[in-house]
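Just so we're clear, the structure is a prediction, and the values are computed from it rather than from any experiment. Each residue takes its place number in the sequence, starting with 1.
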Amino acid sequence: MKNLTSTVGRVLFAIPFGIFGIMHIMFYDAMVGMVPDYIPGGGIWIYITGMALLAACTAIIIKKIAKIACLLLALLLLIFILTMHIPGLMSEEDVQMQMSMMQMLKDMALMGSALTYAGLLGDD
């Protein structure tokens, strides 16, 4: 039973990142406006983060370099928190501030899960 629950949990954890990655690539035009102006490179980051999310999803599901994938995923989520969500909390608009808070808390929870899973894994 432990093997079944850990496998299901691992796959359920990874799938949203794959979907987020696909959405980054498919909906580039809608997402490009979310890249803060102070980040050099502009829209290229949409594709880079999309590919990173897909790579993390794949690595976690197939259990190849999953520990490093989880650590890098946690770092990516921290970058999202620092560059997008925390500045969004300073917004004058209540709706923007609330959305930033929800997104920040979601990414914090996912970051914690990625770090927990990385800690549970042995060396790849």
Show me the donor-acceptor pairs within less than 3.5 Å that the side chains of residues 9-21 make with the rest of the protein, sequence neighbours left out.
{"residue": "Arg10", "atom": "NE", "partner": "Ile60", "partner atom": "O", "Å": "3.0"}
{"residue": "Arg10", "atom": "NH2", "partner": "Ile61", "partner atom": "O", "Å": "3.2"}

Mind listing the side-chain donor-acceptor pairs of residues 37-45 below 3.5 Å, one per line with the distance, residues two or more places apart or on another chain?
{"residue": "Tyr38", "atom": "OH", "partner": "Thr83", "partner atom": "O", "Å": "2.4"}
{"residue": "Trp45", "atom": "NE1", "partner": "Pro40", "partner atom": "O", "Å": "2.6"}

Please tabulate, one pair per line, all N/O donor-acceptor pairs under 3.5 Å involving side-chain atoms of residues 106-113, not counting sequence neighbours.
{"residue": "Lys106", "atom": "NZ", "partner": "Gln103", "partner atom": "OE1", "Å": "3.4"}
{"residue": "Asp107", "atom": "OD2", "partner": "His85", "partner atom": "NE2", "Å": "2.7"}
{"residue": "Ser113", "atom": "OG", "partner": "Ala109", "partner atom": "O", "Å": "3.0"}

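Cluster annotation: Leu115 and Tyr117 are assigned to the same hydrophobic cluster (Ile/Leu/Val/Met/Phe/Trp/Tyr, side-chain heavy-atom contacts under 4.5 Å, transitive). Cluster annotation: Phe80 and Met31 are assigned to distinct hydrophobic clusters (Ile/Leu/Val/Met/Phe/Trp/Tyr, side-chain heavy-atom contacts under 4.5 Å, transitive). Residues Met23 and Leu53 do not share a hydrophobic cluster, clusters being chains of Ile/Leu/Val/Met/Phe/Trp/Tyr side chains in contact below 4.5 Å. Hydrophobic clustering of Ile, Leu, Val, Met, Phe, Trp and Tyr side chains at less than 4.5 Å, counting indirect connections, unites Ile46 with Met26. Under the 4.5 Å side-chain heavy-atom criterion for ILVMFWY residues, no single connected hydrophobic cluster contains both Ile22 and Leu73.
The side-chain heavy atoms of Ile79 and Leu75, taken from C-beta on, include a pair separated by under 4.5 Å.
The two residues His24 and Thr49 have their closest heavy-atom pair at CD2-OG1, 3.0 Å. Heavy atoms only, all atoms of each residue included: Ala30 and Met34 are closest at O-CE, 4.1 Å.
By the 6.0 Å contact criterion, CE on Met97 is enclosed, its count of non-hydrogen atoms from other residues, nucleotides or ligands being greater than 12.
Within the structure, the ring-ring contact (aromatic ring centres under 6.0 Å, His included) test picks out the following pairs touching residues 47-75 (sequence neighbours left out): Tyr28-Tyr47.
A search for ring-ring contact (aromatic ring centres under 6.0 Å, His included) contacts involving Phe27 returns nothing, not counting sequence neighbours. Applying the side chain to side chain contact (heavy atoms under 4.5 Å, CB included) test to Ala59 and every residue at least two apart in sequence or in another chain returns Ile65, Ala69. Partners of Thr58 under the side chain to side chain contact (heavy atoms under 4.5 Å, CB included) rule, at least two apart in sequence or in another chain, are Ile62. Residues satisfying the side chain to side chain contact (heavy atoms under 4.5 Å, CB included) test with Met102, not counting sequence neighbours, are Met99. For Ser100, the side-chain hydrogen bond (donor to acceptor under 3.5 Å, both in side chains) partners at least two apart in sequence or on another chain are Gln96.
Atom-to-atom distance recorded for Leu121:CG and Ile68:CD1 is 11.5 Å, nearest 0.5 angstrom. In this structure, CE in Met101 is found 12.5 Å from OG in Ser91, a value given to the nearest 0.5 Å. In this structure, the separation between CD1 on Ile81 and CG on Leu77 is 6.5 Å, given to the nearest 0.5 Å.
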